[in-house]
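We count residues from 1, following the sequence as given. Computed from a predicted model, the values in this text were never measured in an experiment.
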Amino acid sequence: MWRPFFQQYHLIIVQDGDPNKIIKVPEGFDYELYNRNDINRILGPKASCISFKDSACRCFGYMVSKKKYIYTIDDDCFVAKNPSGQDINALEQHIKNLLCPSTPFFFNTLYDPYRDGADFVRGYPFSLREGVPTAVSHGLWLNIPDYDAPTQLVKPRERNTRYVDAVMTIPKGTLFPMCGMNLAFNRELIGPAMYFGLMGDGQPIGRYDDMWAGWCMKVICDHLGWGVKTGLPYIWHSKASNPFVNLKKEYKGIYWQEELIPFFQSATLPKDCTTVQKCYIELSKQVRAKLGKVDDYFLKLADAMVTWIEAWDELNPSGGELVLNGVGK
């Protein structure tokens, strides 16, 4: 299903789980395949910052990419159809979102004012109509919703059938739960902030990897004056993961997020944080100082955030690759 849309791009496949398992990639794709042995070989001791047996492993692909734009997708996501029955070219829409300015400083009630058939409404300040660069394009999903385990358990048969033909900029100062299953970003702008944290094997928490990256990224985008868009494109999320397994992974996060959200809502970065790396290191210090009191895990996470930036700067790729998560878990 993806061949017509993916074949013209370079793929990075991050193989989670057993590195001895052979992944068979169909012919005709330009790709690189990395497993845990490759991650250890390339990063050495710094490989400790890359999660194992968790979708967070995908961020290794962001680090080794050499492209400006990255699209990342889960292995259980397929091509969705729009209400007219046409296949949705998710990559095309993501690129449109990333190439189009964002308007985080003043909300436009017609959503994306740069889209055909829309414009800035009466009362929108002319000084803000130029917009700012878009760092992240957050796509949505039809069929299986992206629910946490408690919601899965009480709504096991619920499906998302609602296709909303809209894109909007998330306002400055507003956090959101970023989902990594259908996500694109400008690597040259925001790449070093797209760290999916320490999750999965050996860690007390899972399934918060993309949300952690989203909270950190949004604080940094707000500080540096960049935008984040959400809405189109849709993909088809084909299967629901086990809610009891998910609950085991999530339960600490469900408690911790009540501390995490106020932390990120109140986080500020000093004026001398003029690069994403500087912002991220500063954020790691605040994680250590404030969230370290919540649980020792956040001390370990703060260290991993620093290691991630050090590894990123060492590899220093020049900046869209496609990062596929979890093939062969």
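A distance-only check finds a donor-acceptor pair linking the side chain of Asn182 to the backbone of Pro233 [under 3.5 Å]. A distance-only check finds no donor-acceptor pair linking the side chain of Lys218 to the backbone of Phe176 [under 3.5 Å]. When atom types are taken as modelled, the side chain of Tyr34 and the backbone of Ile39 share no donor-acceptor pair closer than 3.5 angstrom. Looking at Asn143, its side chain never comes within 3.5 Å of a backbone N or O of Trp236 through a donor-acceptor pair. In this structure, Trp141 contributes its side chain and Asn160 its backbone to no donor-acceptor pair below 3.5 Å. In this structure, Thr275 contributes its side chain and Lys278 its backbone to a donor-acceptor pair below 3.5 Å. The closest donor-acceptor contact from the side chain of His237 to the backbone of Ile144 lies under 3.5 Å. Although no hydrogens or angles enter the test, the distance criterion places no donor-acceptor pair under 3.5 Å between the side chain of Gln86 and the main chain of Asn89. With hydrogens and angles ignored, the 3.5 Å screen pairs a side-chain donor or acceptor of Tyr234 with a backbone N or O of Val164. Between the side chain of Gln7 and the backbone N or O of Gly28 there is at least one donor-acceptor pair closer than 3.5 Å.
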(request) Decide yes or no on side-chain contact (heavy atoms from CB on, under 4.5 Å) for Glu32 and Ile13, but give the supporting numbers first. (result) CA-CA 6 Å; Glu32 301 167 45; Ile13 304 169; over 6 Å; no
(request) Check the pair Phe196 / Tyr62 against ring pair (Phe, Tyr, Trp, His ring centres under 6.0 Å), numbers first and verdict last. (result) CA-CA 10 Å; Phe196 277 42; Tyr62 311 160; 5.7 Å; yes
(request) Could you give me the CA-CA distance, side-chain angles and deciding distance for Leu33 and Leu11, then say whether side-chain contact (heavy atoms from CB on, under 4.5 Å) is met? (result) CA-CA 8 Å; Leu33 173 64; Leu11 276 63; over 6 Å; no
(request) Start with the C-alpha distance between Leu183 and Val136, add both sets of side-chain angles, then the distance that settles side-chain contact (heavy atoms from CB on, under 4.5 Å), and finish with yes or no. (result) CA-CA 8 Å; Leu183 181 71; Val136 173; 3.7 Å; yes
(request) Evaluate the ring pair (Phe, Tyr, Trp, His ring centres under 6.0 Å) criterion for residues Phe264 and Trp212: first the C-alpha distance (whole Å), next the side-chain angles of each, then the deciding distance (0.1 Å), finally the verdict. (result) CA-CA 10 Å; Phe264 282 108; Trp212 177 263; 5.2 Å; yes
(request) Show your working on ring pair (Phe, Tyr, Trp, His ring centres under 6.0 Å) between Tyr9 and Tyr31 and close with a plain yes or no. (result) CA-CA 9 Å; Tyr9 297 99; Tyr31 72 93; over 10 Å; no
(message) Could you go through Tyr195 and Trp312, starting from their C-alpha distance and side-chain angles, then the distance that decides it, and tell me whether this counts as ring pair (Phe, Tyr, Trp, His ring centres under 6.0 Å)?
(response) CA-CA 10 Å; Tyr195 176 48; Trp312 182 284; over 10 Å; no
(request) With side-chain contact (heavy atoms from CB on, under 4.5 Å) as the test, would you mind laying out the steps for Asp296 and Lys300 before giving the verdict? (result) CA-CA 7 Å; Asp296 286 348; Lys300 192 161 57 167; over 6 Å; no
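Residue Tyr251 places its OH atom among 12 or fewer non-hydrogen atoms of other residues, nucleotides or ligands, all under 6.0 Å distant. For Arg162, the CZ atom counts as loosely surrounded, since its 6.0 Å shell holds 12 or fewer non-hydrogen atoms of other residues, nucleotides or ligands. The number of heavy-atom neighbours closer than 6.0 Å to OH of Tyr111, taken from other residues, nucleotides and ligands shown, is 12 or below. Heavy atoms from other residues, nucleotides or ligands lying under 6.0 Å from OH of Tyr255 number 12 at most.
Put simply, OG1 on Thr134 and CZ on Phe185 are 14.5 Å apart, with the number rounded to the nearest 0.5 Å. To the nearest 0.5 Å, atom CG of residue Leu175 and atom CZ of residue Phe263 are 11.0 Å apart. In this structure, NZ in Lys66 is found 7.0 Å from NE2 in His10, a value given to the nearest 0.5 Å. The line from CD1 of Ile70 to OG of Ser65 is 4.0 Å long, rounded to the nearest 0.5 Å. With rounding to the nearest 0.5 Å, the separation of CD1 in Ile261 from CH2 in Trp215 is 4.0 Å. Interatomic distance, CG of Leu140 versus OG1 of Thr230, reported as 4.5 Å (0.5 Å rounding).
Between Ile190 and Cys221, some side-chain heavy-atom pair lies under the 4.5 Å cut-off. Looking at heavy atoms from C-beta onward, Ile73 lies out of side-chain contact with Met181 at the 4.5 angstrom threshold. Using a 4.5 Å heavy-atom threshold, the side chains of Lys68 and Glu188 count as touching. Inter-residue side-chain proximity for Tyr147 and Ser241 is flagged as unmet; no heavy-atom pair is nearer than 4.5 Å. Counting heavy atoms from C-beta outward, Ile170 and Pro104 have side chains that stay 4.5 Å or more apart. Side-chain atoms of Cys59 and Trp308, non-hydrogen and from C-beta on, do get closer than 4.5 Å to each other. The closest side-chain heavy-atom distance from Thr169 to Val228 is not below 4.5 Å. For the pair Gln203/Ser51, no side-chain contact is recorded, criterion being any heavy-atom separation below 4.5 Å from C-beta on.
Residues Leu269 and Met194 share a single hydrophobic cluster, defined by chaining ILVMFWY side chains whose heavy atoms lie under 4.5 Å apart. No path of Ile, Leu, Val, Met, Phe, Trp and Tyr side chains, each step under 4.5 Å between heavy atoms, connects Val132 with Ile220, placing them in separate hydrophobic clusters. Side-chain heavy atoms closer than 4.5 Å link hydrophobic residues (I, L, V, M, F, W, Y) into clusters, and following such links, even through other members, never connects Met168 to Met217. Taken together through direct or relayed side-chain contacts under 4.5 Å among Ile, Leu, Val, Met, Phe, Trp and Tyr, Ile254 and Val294 form part of one hydrophobic cluster. Linking Ile, Leu, Val, Met, Phe, Trp and Tyr residues whenever their side-chain heavy atoms come within less than 4.5 Å leaves Phe52 and Tyr208 in two separate clusters.
The two residues Asn20 and Asp18 have their closest heavy-atom pair at N-OD1, 2.8 Å. Smallest separation of non-hydrogen atoms from Arg207 and Met211: O-CE, 3.2 Å. Contact record, Met305 with Leu283: CE-C, 4.2 Å, taken as the closest heavy-atom pair. Residues Pro177 and His138 come closest through the heavy atom pair O-NE2, 4.0 Å.
Taking 4.0 Å as the cut-off between side-chain N and carboxylate O, Arg36 and Asp201 do not count as a salt-bridged pair. The pair Asp303-Arg288 meets the salt-bridge criterion, with a side-chain N (NZ, NE, NH1 or NH2) lying under 4.0 Å from an Asp/Glu carboxylate O. Using a 4.0 Å cut-off between charged nitrogen and carboxylate oxygen, Asp112 and Lys229 count as a salt-bridge pair. A salt bridge is absent between Asp222 and Lys172: the closest approach of a Lys/Arg side-chain nitrogen to an acidic carboxylate oxygen does not fall below 4.0 angstrom. Ion pairing between a basic and an acidic side chain is recognised when a charged N comes within 4.0 Å of a carboxylate O; Asp38 and Arg41 show such pairing. By the 4.0 Å N-to-carboxylate-O rule, Arg58 lies close enough to Asp74 to be salt-bridged with it.
Relative ring orientation between Trp2 and Phe5 is described as perpendicular, the plane-to-plane angle rising above 60° on a 0-90° scale split at 30° and 60°. The aromatic rings of His94 and Tyr71 sit tilted, their planes meeting at an angle between 30° and 60°.
A donor and an acceptor atom, one from each side chain of Asp209 and Ser55, are located under 3.5 Å apart. Using a 3.5 Å distance cut-off with no hydrogens or angles, the side chains of Thr103 and Asn108 do not pair a donor with an acceptor. Side-chain contact, Gln152 with Asp148: no donor N or O sits under 3.5 Å from an acceptor N or O.
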